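Each remark here refers to the structure printed beneath this line.
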There are 2 protein chains.
Amino acid sequence: MTVSRTLSFPHLVSPETREKVAAAVRATGYIPNRLASSLASNQTRTIGAIIPTLRNSIAASFTDGLRDTLRRNGYHVLLGNSEFEPEDEEALVTEFLSRRVDGIYLTGSTHTERTRQMLRENGVPTVEIASLPQDPVDMAVGFSNYDAAYAVTRMFAKQGYAKVALFTTFTKNNERQQERQKGYWAAVEEFGLDSDPRLVSEVAMDLKAAAQNLIALLERRPDVEALFCTGDFIAAGALLEAQRRGIRVPEDLAIAGFDGLEIADNLNPSLTTVQIPRHEIGVLAGQMLLDRINGLPVGGRVVDLGFEIICRESTAKNLPRELTFTSLQTEVHE
Amino acid sequence: MTVSRTLSFPHLVSPETREKVAAAVRATGYIPNRLASSLASNQTRTIGAIIPTLRNSIAASFTDGLRDTLRRNGYHVLLGNSEFEPEDEEALVTEFLSRRVDGIYLTGSTHTERTRQMLRENGVPTVEIASLPQDPVDMAVGFSNYDAAYAVTRMFAKQGYAKVALFTTFTKNNERQQERQKGYWAAVEEFGLDSDPRLVSEVAMDLKAAAQNLIALLERRPDVEALFCTGDFIAAGALLEAQRRGIRVPEDLAIAGFDGLEIADNLNPSLTTVQIPRHEIGVLAGQMLLDRINGLPVGGRVVDLGFEIICRESTAKNLPRELTFTSLQTEVHE
DNA sequence: TTGTACGCGTTATCAT
DNA sequence: ATGATAACGCGTACAA
């Protein structure tokens with residue numbers, strides 16, 4: 001029809017017919033059918049995004065940047081939760097592929113073999129975020145979870161702490177948390193810290209679980225000097241529980257978090273944490289997908305956006321400047 | 001083809017052909033095209049959901065329940081942010097309609113006239129959540145923001161407070177916050193509380209803004225006795241700032257929040273708040289959409305799921321039992 | 001500048 | 001139990 005032309009390329013149509021079409025559209029309340037459009041043009045202008053969960057989730061805040069970028073370019077986001085289950089993720093990828101999304105955004109780099117295979121055979125632009133995978137499905141943008149955890153633990157060591165506990169969230173199917181744990185152990189070994197495994201716990205991602213785990217930790221190891229939590233919510237829960245029990249932070253127990261959430265800066269004492277470029281990661285992930293879709297050359301396949309340790313009141317302050325271990329410059333691997 | 005039948009209704013096909021098709025599918029990595037399917041069958045098994053924002057947003061947590069319900073029934077969620085702009089919402093609704101979503105989920109009941117008109121003319125099942133609109137577009141499930149705010153203010157009044165301040169988040173294009181403010185004023189008037197408008201502020205939805213506004217409030221009205229924040233994040237920010245300034249809560253200043261977030265129960269002192277049935281609202285909204293899609297009779301068009309005031313340490317404890325004003329029974333209007 | 005014919009990959013309907 | 005044919009509503013390519 002001429003209608004299609006009028007709506008897509010108004011300048012190719014005479015002002016009169018343009019007006020006629022506009023009138024008809026108004027009169028009938030016509031709304032173009034994007035399904036038919038997508039079927040014919042072979043593009044949906046939709047990106048499928050999979051995040052573990054929306055609850056207390058940092059991953060959710062990454063998608064803000066993604067959405068901004070996509071929206072500006074006329075793209076939309078189809079959202080799915082994997083609940084940290086690779087099989088659920090696989091089902092979602094299948095679903096997205098059957099809807100012919102133009103790109104796929106995955107959180108982390110833990111996927112089933114079938115997921116990787118489907119994605120690669122399909123050739124759909126894919127970006128993995130929050131990790132620096134050795135073997136990316138396609139593209140990736142994130143930071144080194146290992147380095148960040150190593151740096152925080154090293155910071156504690158250099159401040160003279162010898163008994164540093166670690167709370168991670170569940171590491172199952174979550175290579176980010178696994179990497180953080182590895183970084184911790186590496187620093188423990190390198191700096192000769194107490195390597196008692198009872199200093200390490202896996203904690204559910206909520207304040208109450210953190211509080212309970214702090215109590216248990218203090219029973220196991222009442223001599224613990226510092227606590228590194230690989231999530232600000234966990235750290236907040238521990239800090240608030242310490243407050244309730246009259247444990248002084250950082251004098252009796254130093255605490256550091258991870259993520260750089262707003263709450264870290266507002267607790268009393270304010271919480272030392274690892275700031276990660278959440279928004280930037282989302283924005284860049286969106287841009288990389290768009291570039292790939294538009295056939296532009298995409299520079300590096302794995303982009304490291306770094307992190308920054310923010311030292312606040314919850315850890316001792318006598319910190320050598322060079323230990324802040326800022327790595328916020330962009331590094332491109334491969 | 002027979003293939004379509006095999007995939008949709010395997011029982012209508014002989015085991016042999018079934019096996020042949022399965023083999024071919026495996027061999028070619030065939031993934032059905034839902035676009036074509038939707039075009040032909042006239043259903044997308046997708047619900048379009050619009051929430052104001054994912055940042056610090058309670059609205060985001062409502063969609064958890066929605067997603068659960070839909071997922072279980074083979075439906076997916078297409079998510080959009082309106083950023084509290086009715087015009088952006090209208091654009092999203094148009095976009096969703098052009099993608100032929102089977103249902104639409106809107107946060108609140110503030111929409112442009114065109115949005116209402118489009119939705120009604122289109123006849124797509126629609127549910128509005130978190131409010132009890134007088135004139136719903138289609139269906140709605142929520143609670144009375146007015147009653148909840150009235151109840152909290154009354155609680156303060158009955159406890160003997162005469163100077164009760166109010167922090168709401170921005171009320172522009174947000175009838176939930178407007179209703180809460182109205183409920184506050186109604187109780188102020190009814191119980192003869194101090195009606196100085198300088199006791200009322202609109203605060204951005206973050207901890208720092210809350211802290212700054214508390215400081216400003218204390219300068220304007222150092223004699224303020226209680227503070228009602230229509231959001232737990234605001235209340236948390238105020239409470240943490242009070243802590244920093246050595247203001248005792250609740251002795252010097254009582255504080256109550258709104259939403260029933262996890263953090264409310266973990267702050268020191270723990271925060272009195274209004275618990276709202278977030279998950280239940282999401283679940284029911286999803287169920288109502290599915291029922292309407294499946295042609296089942298949907299009972300009431302506006303469902304009130306109530307709320308509950310949870311009294312904790314941040315407000316005085318000498319509270320008559322009947323003032324807890326629980327309204328957690330389900331009420332159906334119209 | 002406008003119109004025609006065909007194809008996109010399914011489902012629906014009717015026949016075999 | 002299987003196959004043939006016509007939609008679904010739009011883009012693409014070409015013709016008028």
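All figures in this text were calculated on a predicted structure; none of them were measured in a lab. Lettering follows sequence order; numbering is per chain, from 1.
At the heavy-atom level, A:Phe9 lies nowhere under 4.0 Å from the strands shown. Within the 4.0 angstrom heavy-atom criterion, no nucleotide atom of any strand lies near B:Ser38.
In terms of position on DNA chain D, the residue among A:Arg34 and B:Pro15 whose nearest nucleotide sits closer to the 5' end is B:Pro15. In terms of position along DNA chain D, the nucleotide closest to B:Ser14 lies nearer the 5' end than the nucleotide closest to the other residue of the pair B:Ser14 and B:Ala40.
Put simply, A:Ser4 has no side-chain N or O that comes within less than 4.0 Å of OP1 or OP2 on D:dG9. Under 4.0 angstrom from either OP1 or OP2 of C:dG3 there lies at least one side-chain N or O belonging to A:Thr2.
The closest side-chain heavy-atom distance from A:Met118 to A:Val93 is below 4.5 Å.
Across C:dT11, D:dG11, D:dG9, the shortest atom-to-atom separation from the side chain of B:Ser37 is found for C:dT11. Relative to the side chain of A:Tyr30, the nucleotides D:dG11, D:dC10, C:dG9 differ in distance, and D:dC10 lies closest. Listed nucleotides: C:dT2, D:dT2, C:dT10. Nearest to the side chain of B:Ala36: C:dT10.
A salt bridge is defined here as a Lys NZ or Arg NE, NH1 or NH2 lying under 4.0 Å from an Asp or Glu carboxylate O, and A:Lys20 with A:Glu16 fails to meet this definition. A salt bridge links A:Asp138 with A:Arg292: the closest approach of a Lys/Arg side-chain nitrogen to an acidic carboxylate oxygen falls below 4.0 angstrom.
Distance, A:Leu12 CG to D:dA13 P: 14 Å, rounded to whole Å.
Checked by distance alone, A:Arg5 brings a side-chain donor or acceptor within 3.5 Å of a matching partner on the base of C:dG3.
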Carefully, step by step, assess A:Leu97 and A:Leu119 under the rule side-chain contact (heavy atoms from CB on, under 4.5 Å).
CA-CA 9 Å; A:Leu97 255 26; A:Leu119 255 15; 4.2 Å; yes

